> 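I have a structure I would like to understand better, so I am pasting it below and will then ask my questions one at a time.
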Amino acid sequence: MENSEVARILSEIGEFLAMEGESPFRIKAYEKAAETIGSLQEELADVYQKGGLRALEEIPGVGVSIAEKIEELLKTGHLKYYEKLKKKSPIDLSELSQIEGLGPKSIFKLYKKLGVANLKELEAAAKRGEIKKLEGFGEKSEENILKGIEFLKKSGGRFILGFTMPLIRGIEERLKQLRGVKKLVVGGSVRRRKETIGDVDILIVADKPKPIMDYFVSMPEVAHVYAHGEKKSAIKLKNGLDVDLRVVHEESYGSALNYFTGSKDHNVALRQIAIDKGYKLNEYGLFKGKKQIAGRTEEELYKALGLRYIEPELREMRGEIEASRENKLPDLIGYNDLRGDLQVQTSWTDGADSIEDMARAAMKAGLEYIVVTDHTKRLAMTKGLDAKRIVKQMKEIDEINKKFEAAGIKLKVLKGTECDILKDGSMDLPDEILSQLDVVGASVHSYFNLPKEEQTQRIIKAMRNPHVDMIMHPTGRLINKRPAYDLDMEKIINEAKNTGTILEIDAFPDRLDLKDDYIHECVKKEVKMAIDSDGHSINHFSVLEYGIAQARRGWCTKSDVLMLGRSRRCYPC
DNA sequence: GCCGTTTTCGGCCCGACTGTTTTCAGTCG
C-alpha cells in the first residue's frame, strides 16, 4: 500500500472521530500523522521492512497506536478500526469534505437527519430545500453548499499536477525500464505543465509492444482496464486518474508527440500553417502529397513549418506562434535556475521542521539561500510570531549562519516574515520590527470576501508600506477548492510596478498563485516575481519545480524572477 | 493519540468569522 493511501485513511479516521465529537487532540494526532506520512520521502513499506514496528514509531507524530494501524494496513491492506467507523457512517468523506465550509460535524448531521452520504445526495437535498429546514442550517448555508458544489463541478474532477506527479513519474520510470522500450514520454497537459490535468497520455516507441501493454494493464495501481491492445491501452487508476498508453513509430514520434501534447488550439494553428504551405499535418507526420517531410522529432517539425521550437509550456495560444515566427520567443527560466526560496515556514509556527533542518534540506535541494517567513500573531492557530518571538528567532538565525560559516556551508539563512495583512491593510507586526528583517512578505489570511475595491485597496495599502517587499500568494485561491478573493488584478500589478513590490509565485501545487495569466501580465509590465515553495517541511522544496513550470507558462525569463546575489549581504528588494 | 519527562500522566488547546442564533456551534487558517 502506498503512503498516500495510508495518509488518506488516517486523515479520514480523523474526520470520523471529529464527527463523533472526539477529543480535538486525538483528531489532531491522526491529522498530523496523515500529513507527515503524505510528505514522507521513503515508502512506509520499506521503512517497515527495514525496522519493523519500531521504525514506524520513529516517524514524528506516529506513536504505538498509529504505528500498529499502519502495520495492519501494510500487512493486510485493510484496517478493521477504519472499516468499523466506515460501517457506522458509510459516508463518502473525501467527496463531501471538498466543499468549502462543510466540516465533519455538518456532514454528520446531514447524514443523520437526511441520509446524505455523497455529493449527489447532498445536491438533491439542497435543491429540494431540505437543508435549510434543519436546525443549525439556514437559507445561507444551503446556498453556500450549492455554490460549493457548483465550484467543484467546474473544476471538473481534474487532478492537481503537483500532487499527482509522483504517481505519474513512478509509472513512467517503471515503464521505461521494461525491455524493448526505446523512447517514452508523457505528453498532454502533464507535459505542458498545466496546474491541473484531466488524464495522462504516454507515448512509447517500441519494437515488441505486447509485453509492455500486458505489464501496463496489470500494474498494481490499476482499477479498471478500458482497452488492452497492441497499439493502445487505456486504464483507470485506483485514484480515478485515466491513463492512456500508445505505441508510435519512430518516424512519427515527433508529430505524435506534438499531437498528443496539445494544446488543441495550438495544434489547430500548426495544421493551418501546414495547409498554407501546401502540406498536411497529422499525428503521423508532416506530408507533402504522400511523402513525409518531417515528424521524426518535434524540432524538425517546427523547423519545417518555418518556426522556432516552442517549449510545451508555451503552447496555449498566447501569441507563441507569432513570437516563434519572429524569433521573439522568451528564453524561459530553466528548471535548474532557481537559487533561493523566499517563503519557508518552520516549527516556530506551523512548519514541521526546525530552521536548521529546513536550511540543510534546502541545501540538498541545490539552493543557496532561504528566507524564514513564519506566520505572525494574527494567525493564532499557527502560533504566529509576535514582536518578542521574532526577535528571538532572528538571534537563532544569526547563530545558525555562524555555525554554517564555520562549517564551510555556503547556504545563507535570511530573516523574514509572512506578515498578515489586517482588514484595514495595516501590518500585523510593528514597522520597527519589519525594518530589521531581510525580506518582508505580506499576505491575506482573513476577510476573504470583502468587496472588490476594498480588498484591492487593502493590498495596495500593504504594498505602500515601505518595509513590505513582497505580496505572498497574491490572490489567495486554492485550486479545486476555493476561488481567488475578489481583486482588481490590473490595479495590483500596476501598483507593484509603481512601488517596486515583488509579487510571489507560490509554488505549492494547490496554490500556484500567481497563476499563469497574471504572470504573463507581470512579464509584460516588467513587474518582478519570486518563486517560493511555501514549504512547511523538509520535503517541500521539491514543489519549487511546479512554481518554475507556472513561471514558464507565464513566459518568465530568468531576469523576471528575483534572485539574490551570492555575496550580497541582504536587503534584496 | 503523541510527546516528553520533573518517567507514565498532563499538556496539547488560538482567535475570528459566518450563519445561525439571542449566546453559540462549526469552520478555517
Side-chain angles (χ1 to χ4, degrees), chain A residues 9-11 13-37 53 56-70 79 81-82 85 93 96-113 126 131-148 345 347-352 373-386 389 418-424 428 443-450 455 472-473 476-478 481-482 485 506 508 510-511 513 534 536:
Chain A
I9 290 173
L10 291 177
S11 124
I13 291 175
E15 285 189 72
F16 277 123
L17 296 177
M19 281 181 180
E20 296 173 354
E22 259 287 352
S23 130
F25 305 111
R26 217 176 140 211
I27 297 162
K28 195 105 199 162
Y30 278 101
E31 276 173 10
K32 214 177 151 209
E35 221 170 273
T36 314
I37 287 163
L53 203 55
L56 292 177
E57 284 176 41
E58 296 277 296
I59 299 168
V62 176
V64 182
S65 168
I66 293 185
E68 280 173 355
K69 291 188 174 71
I70 296 173
L79 178 59
Y81 178 66
Y82 169 67
L85 289 169
L93 270 179
L96 290 178
S97 52
Q98 281 182 78
I99 305 267
E100 174 84 352
L102 206 57
K105 289 275 171 62
S106 308
I107 292 176
F108 194 50
K109 202 185 270 177
L110 290 167
Y111 172 69
K112 280 266 153 180
K113 302 271 178 191
I131 292 175
K132 65 178 174 220
K133 289 185 208 149
L134 291 181
E135 203 187 315
F137 291 84
E139 197 81 43
K140 245 329 188 345
S141 339
E142 191 169 270
E143 211 175 278
N144 282 340
I145 285 172
L146 282 169
K147 262 191 210 160
Q345 261 72 247
S347 50
W348 277 79
T349 59
D350 61 346
T373 54
D374 277 301
H375 289 293
T376 55
K377 60 183 189 298
R378 201 216 147 269
L379 271 185
M381 190 241 184
T382 68
K383 299 178 297 200
L385 305 181
D386 56 13
R389 283 183 72 218
E418 179 180 3
C419 188
D420 253 60
I421 302 174
L422 305 180
K423 189 182 179 192
D424 65 355
D428 195 25
S443 61
V444 166
H445 292 113
S446 59
Y447 300 98
F448 290 157
N449 41 16
L450 293 181
Q455 193 73 279
M472 288 166 162
H473 50 72
R477 70 165 180 169
L478 290 176
K481 177 116 192 181
R482 180 180 77 201
Y485 20 80
D506 187 314
F508 218 77
D510 61 352
R511 283 200 183 265
D513 184 4
D534 199 350
H536 283 65

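Values in this document were obtained by computation on a predicted structure and should not be read as measured data. So that the names make sense, note that chain A is the first sequence line, chain B the second, and so on, each numbered from 1.
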> Is the shortest side-chain N/O distance from A:Ser106 to OP1 or OP2 of B:dT27 below 4.0 Å?
yes
> Parallel under 30°, tilted from 30 to 60°, perpendicular over 60°: which one fits the rings of A:His375 and A:His536?
tilted
> What's the gap between B:dT21 and B:dT27 when it is taken at their P atoms, as a whole Å value?
15 Å
> In sequence, state the C-alpha distance, the side-chain angles, and the governing distance for A:Asp534 and A:Arg511, and then conclude on salt bridge (Lys or Arg N to Asp or Glu O under 4.0 Å).
CA-CA 10 Å; A:Asp534 199 350; A:Arg511 283 200 183 265; 3.6 Å; yes
> Taking only the side-chain heavy atoms of A:Leu379 (C-beta and beyond), determine which of B:dG19, B:dG29, B:dC2 contains the nearest atom.
B:dG29
> Name the closest nucleotide to the A:Lys140 side chain, picking from B:dG19, B:dT27, B:dG29.
B:dG19
> Quick one: on DNA chain B, does A:Glu135 or A:Lys377 contact a more 5' nucleotide (nearest heavy atom)?
A:Lys377
> Starting at CD1 of A:Ile13, measure out to CG of A:Leu93 and round the result to the nearest 0.5 Å.
11.0 Å
> In whole angstrom, give me the gap between the C1' atoms of B:dG10 and B:dT5.
11 Å
> Take the protein atom CG of A:Leu85 and the nucleotide atom P of B:dG1, then report the distance between them rounded to whole Å.
11 Å
> Calculate the interatomic distance between A:Ile107 atom CD1 and B:dG26 atom P; express it in whole Å.
13 Å
> OP1 or OP2 of B:dG29 less than 4.0 angstrom from a side-chain nitrogen or oxygen of A:Ser446, does that happen here?
no
> I need the minimum non-hydrogen distance between A:Lys377 and A:Asp428, along with the two atoms involved.
NZ-O, 2.6 Å
> Counting C-beta onward and ignoring hydrogens, is there a side-chain heavy-atom pair between A:Met472 and A:Thr373 closer than 4.5 Å?
yes
> Distance between the C1' atoms of B:dT8 and B:dC2, in whole angstroms?
13 Å
> Can you check the A:Arg26 CZ to B:dG1 P distance for me, whole Å?
4 Å
> With a non-hydrogen cut-off below 4.0 angstrom, is A:Asp420 in contact with a base, only sugar-phosphate, or nothing?
nothing
> Look at all strands and tell whether A:Ser65 reaches a base, only sugar-phosphate, or nothing, counting heavy atoms closer than 4.0 Å.
sugar-phosphate
> Looking only at atom C1', what distance separates B:dT18 and B:dT23, rounded to whole Å?
15 Å
> Measure the distance from CD on A:Glu100 to C1' on B:dT18 and round it to the nearest whole Å.
12 Å
> Is any side-chain nitrogen or oxygen of A:Asn144 closer than 4.0 Å to OP1 or OP2 of B:dT27?
no
> Return the value, rounded to whole Å, for the distance between atom CD1 of A:Ile421 and atom C1' of B:dA16.
17 Å
> Could you let me know what B:dC2 is paired to, Watson-Crick or G-U wobble, both distances under 3.5 Å, or none if it's on its own?
B:dG11
> For A:Ser446 and A:Ile421, which heavy atoms make the closest approach, and how far apart are they?
OG-O, 4.4 Å
> OP1, OP2 of B:dG29 versus side-chain N and O of A:Arg482: anything below 4.0 Å?
yes
> Nearest to the side chain of A:Lys69, which nucleotide is it out of B:dT18, B:dG26, B:dG1?
B:dG1
> Hey, does A:Asp350 reach any base, or is it just sugar-phosphate, or nothing, if we go heavy atoms under 4.0 Å?
nothing
> Under a 3.5 Å cutoff, is there a donor and acceptor pairing between the side chains of A:Lys69 and A:Ser65?
yes
> Considering only atom P, compute the distance from B:dG26 to B:dT20 and round it to an integer number of Å.
14 Å
> Picking from B:dT27, B:dG29, B:dG1, which would you name as closest to the side chain of A:Ala29?
B:dG1
> What is the separation between atom NZ on A:Lys383 and atom P on B:dG29, rounded to the nearest whole Å?
18 Å
> In whole Å, I'd like the distance from the NZ atom of A:Lys28 to the P atom of B:dG29.
12 Å
> Atom CD1 of A:Ile66 and atom P of B:dG1: how far apart are they, to the nearest Å?
8 Å
> Quick one: which of B:dT20, B:dG29, B:dG1 gets closest to the side chain of A:Leu478?
B:dG29
> Is A:Glu139 touching bases, backbone alone, or none of the nucleic acid, heavy atoms closer than 4.0 Å?
sugar-phosphate
> I'd like the P distance from B:dG1 over to B:dT6, given in whole Å.
26 Å
> Roughly how many Å apart are B:dC14 and B:dC9, using the C1' atom of each and rounding to a whole number?
24 Å
